[in-house]
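Throughout, a chain's letter reflects where its sequence line sits, starting with A, and its residues are numbered from 1.
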Protein chains: 2
Amino acid sequence: MTNYAEHSPILVAIDCIIFGFDGNDIKLLLIKRGFAPAKNKWSLMGGFLLPNETLDEAANRILKQLTGLEGVYLEQLNAFSAVNRDPEERTISVAYFALIDIHKYEKQISDQYHAEWFLLSQKPKLIFDHDEMVALAQKQLRYKAALHPILFELLPDKFTIPQLQNLYEGVYDTVFDNRNFTRKLLSTGLFVKQAAKDKSTSKKGAFYYKLDKRKYKVKQAAFLNFVPKADKFL
Amino acid sequence: MTNYAEHSPILVAIDCIIFGFDGNDIKLLLIKRGFAPAKNKWSLMGGFLLPNETLDEAANRILKQLTGLEGVYLEQLNAFSAVNRDPEERTISVAYFALIDIHKYEKQISDQYHAEWFLLSQKPKLIFDHDEMVALAQKQLRYKAALHPILFELLPDKFTIPQLQNLYEGVYDTVFDNRNFTRKLLSTGLFVKQAAKDKSTSKKGAFYYKLDKRKYKVKQAAFLNFVPKADKFL
DNA sequence: CCAAAAGTGTTTATACTACACCCATGA
DNA sequence: TCATGGGTGTAGTATAAACACTTTTGG
């Protein structure tokens with residue numbers, strides 16, 4: 001450790017791994033890069049850190065730029081720093097992952113960036129180390145969701161329990177016993193049953209639930225163990 | 001997101017939160033800064049990212065510089081980026097936390113940096129945002145250690161169960177029931193009992209154990225739940 | 001022989017898992 | 001009426017928590 005003189009400047013970028021859920025599947029929002037290097041290749045949405053903003057601010061700015069959304073779930077994932085990860089200049093990138101309600105984003109904005117939602121299983125090859133970022137984000141999503149109630153960030157205000165189960169099954173790529181799943185979920189006391197039903201997926205209809213926001217905030221930090229044998233999936 | 005031209009360069013630093021365990025208490029290794037700004041103030045050990053190394057490499061380099069140790073437990077914690085966190089120049093810092101066997105580090109090296117081990121409860125005020133880094137590292141240590149077997153990184157090859165319990169009690173600042181603790185620990189099958197005893201802390205002596213390195217690697221990813229009601233401590 | 005730390009078992013309560021049938025409804 | 005998805009209960013097992021006494025041995 002020496003003084004500050006003569007340290008080669010290094011560019012600092014942010015990349016966002018944006019997850020959405022369409023009611024059936026987990027999806028990833030990708031853009032077609034409009035500039036060199038790697039023009040027209042699929043990529044995560046990203047940008048550079050500006051002189052007077054923090055990384056969190058930059059990530060929020062970049063997310064809003066693409067989706068029009070503010071105040072969504074955003075979490076710093078990891079800084080990626082392989083020496084030649086960006087062929088143009090030495091750049092490190094701090095990856096953030098975001099969970100958004102896919103129905104809320106503004107399509108016309110994301111059209112500017114030629115953005116598309118991809119199933120994780122049908123994700124194209126991405127530029128630089130973005131595949132690695134996505135893989136880590138997926139791992140972190142599984143890890144975190146096994147312990148903490150975060151997947152609700154992907155759902156609209158009102159959602160049904162079968163929807164929620166779909167979501168969990170998508171994240172862990174497996175099936176859960178619906179009786180055990182429901183019981184565990186409701187036993188947290190996080191959910192408020194609504195009078196109305198969602199009849200879009202069955203004749204009988206499934207009751208809507210809302211999150212109890214108060215309790216939700218309190219239990220963010222608690223270990224809830226929604227996922228049976230969670231360590232098998234990590 | 002634009003092209004690469006004219007992005008203000010930002011310095012990239014690394015800071016290491018170094019934890020050790022002396023058999024009784026968790027300690028933190030701090031240095032007295034030998035250069036401006038904040039000369040002679042207590043600080044984490046840090047340095048700048050060099051053009052041809054990754055962040056992980058830089059963290060390892062910095063750690064070795066201070067302790068002489070290589071191959072120790074080191075984990076990227078978070079990137080800190082408040083705009084004025086460093087008064088000299090715009091610098092973001094990627095914090096790493098390290099777990100080392102306090103008996104293995106080379107004192108003469110750390111003497112060069114005027115390094116000292118501090119009890120967490122007696123930590124002096126640190127420069128910049130280093131207090132925040134330490135707080136986050138402590139939180140992450142509790143979080144991780146509640147779920148994964150990592151605290152062994154702080155112990156020598158051979159250790160006793162009472163030592164281990166001391167360590168856990170130090171991390172969570174509480175006391176555990178020794179019967180339940182021992183049973184849970186041994187039920188993992190991670191430990192190999194040695195013939196010899198450590199007689200330094202009692203007349204009866206406590207048996208040494210070693211980690212089963214094979215099983216240890218396998219179970220790194222498993223949830224082990226060593227800490228009763230772990231969510232109370234997070 | 002006694003102080004000080006190490007080591008050990010049992011009981012109870014809670015949480016998890018496996019498992020299968022009835023319900024409501026629109027077509 | 002029937003096909004489709006939604007909703008519910010129980011019994012067995014495993015895990016966790018609470019709890020106190022005996023063992024060893026150096027001084």
Side-chain angles (χ1 to χ4, degrees), chain A residues 23-25 146-147 149 155 158-170 172 174-209 219 222-233, chain B residues 23-24 146-147 149 155 158-170 172 174-209 219 222-234:
Chain A
N24 290 304
D25 298 291
L147 299 169
L155 291 171
K158 290 177 182 180
F159 50 85
T160 67
I161 297 207
Q163 263 172 27
L164 202 39
Q165 187 170 348
N166 261 345
L167 173 51
Y168 274 86
E169 292 182 342
Y172 295 98
T174 184
V175 290
F176 299 141
D177 181 282
N178 70 330
R179 289 160 291 187
N180 293 337
F181 184 80
T182 307
R183 179 163 358 95
K184 218 178 248 188
L185 222 56
L186 295 180
S187 75
T188 61
L190 289 176
F191 302 95
V192 185
K193 194 175 191 171
Q194 305 299 113
K197 280 186 162 187
D198 169 26
K199 295 220 164 190
S200 67
T201 55
S202 76
K203 294 160 184 172
K204 183 176 180 182
F207 282 104
Y208 281 116
Y209 284 80
K219 297 225 175 171
F223 289 161
L224 291 175
N225 190 24
F226 288 131
V227 181
K229 299 179 187 166
D231 49 350
K232 298 291 173 295
F233 301 105
Chain B
N24 290 304
L147 298 169
L155 291 171
K158 291 178 182 178
F159 51 85
T160 68
I161 297 205
Q163 264 172 26
L164 202 40
Q165 187 170 347
N166 262 345
L167 174 51
Y168 274 86
E169 292 182 341
Y172 294 97
T174 186
V175 290
F176 298 141
D177 181 283
N178 69 331
R179 290 160 291 186
N180 291 338
F181 184 81
T182 307
R183 178 165 357 95
K184 219 177 245 188
L185 223 58
L186 295 179
S187 75
T188 62
L190 289 176
F191 302 95
V192 186
K193 194 176 190 173
Q194 306 299 111
K197 280 184 162 188
D198 168 25
K199 295 222 164 190
S200 67
T201 55
S202 77
K203 293 160 185 171
K204 185 176 180 181
F207 282 103
Y208 282 116
Y209 284 80
K219 297 224 175 170
F223 290 160
L224 291 174
N225 190 23
F226 287 132
V227 180
K229 300 178 185 167
D231 48 352
K232 298 290 173 295
F233 301 106
L234 305 176

What residues form a side-chain contact (heavy atoms from CB on, under 4.5 Å) with [X], not counting sequence neighbours?
X: A:Asn178; result: A:Gln165
X: B:Thr182; result: B:Ile161, B:Leu186
X: B:Lys193; result: B:Phe207, B:Tyr209

Separation of atom [atom1] in [X] from atom [atom2] in [N], rounded to whole Å:
X: A:Ile161; N: D:dT8; atom1: CD1; atom2: C1'; result: 12 Å
X: B:Phe176; N: D:dC19; atom1: CZ; atom2: P; result: 17 Å
X: B:Tyr208; N: C:dA6; atom1: OH; atom2: C1'; result: 14 Å
X: B:Leu186; N: C:dT8; atom1: CG; atom2: C1'; result: 11 Å
X: A:Lys184; N: D:dT8; atom1: NZ; atom2: P; result: 18 Å
X: A:Arg183; N: D:dT8; atom1: CZ; atom2: C1'; result: 9 Å
X: B:Leu185; N: C:dT8; atom1: CG; atom2: P; result: 13 Å
X: B:Asp177; N: C:dG9; atom1: CG; atom2: P; result: 15 Å

### Query
What residues, two or more places apart in sequence or in another chain, satisfy side-chain hydrogen bond (donor to acceptor under 3.5 Å, both in side chains) together with A:Asp198?
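side-chain hydrogen bond (donor to acceptor under 3.5 Å, both in side chains) check on A:Asp198 returns A:Ser200.
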### Task
Applying side-chain hydrogen bond (donor to acceptor under 3.5 Å, both in side chains), name anything that partners B:Asn180, two or more places apart in sequence or on another chain.
B:Arg183
### Query
Which heavy atom of B:Gln194 sits nearest a heavy atom of B:Lys158, and at what distance?
NE2-CE, 4.4 Å
### Query
Checking all strands, does A:Thr160 fall into the base, sugar-phosphate, or nothing category for heavy-atom contacts under 4.0 angstrom?
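Touches nothing.
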### Message
Using a 4.0 Å heavy-atom cut-off, does A:Lys197 contact any base of the nucleic acid, only the sugar-phosphate backbone, or nothing at all?
### Response
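Nothing: the residue A:Lys197, judged by heavy atoms under 4.0 Å, touches no strand.
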### Task
From the options D:dG6, D:dT25, D:dG7, select the nucleotide whose nearest atom is closest to the side chain of B:Lys203.
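That would be D:dT25.
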### Message
Let's test your reading of the model: under 3.5 Å, does the base of C:dA18 pair with the side chain of A:Asn180 as donor and acceptor?
### Response
yes
Identify the pairs formed between an N or O of the protein and an N or O of nucleotides 20-23 of chain C at a distance under 3.5 Å, and give each distance.
residue, atom, partner, partner atom, Å
C:dC23, O2, A:Lys204, NZ, 3.1

### Message
Any non-hydrogen side-chain atom of A:Leu147 less than 4.5 Å from a side-chain atom of B:Leu147?
### Response
yes
### Task
Ignoring backbone atoms, test whether A:Lys199 places a side-chain nitrogen or oxygen under 4.0 Å from the OP1 or OP2 oxygen of D:dG5.
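Result: no.
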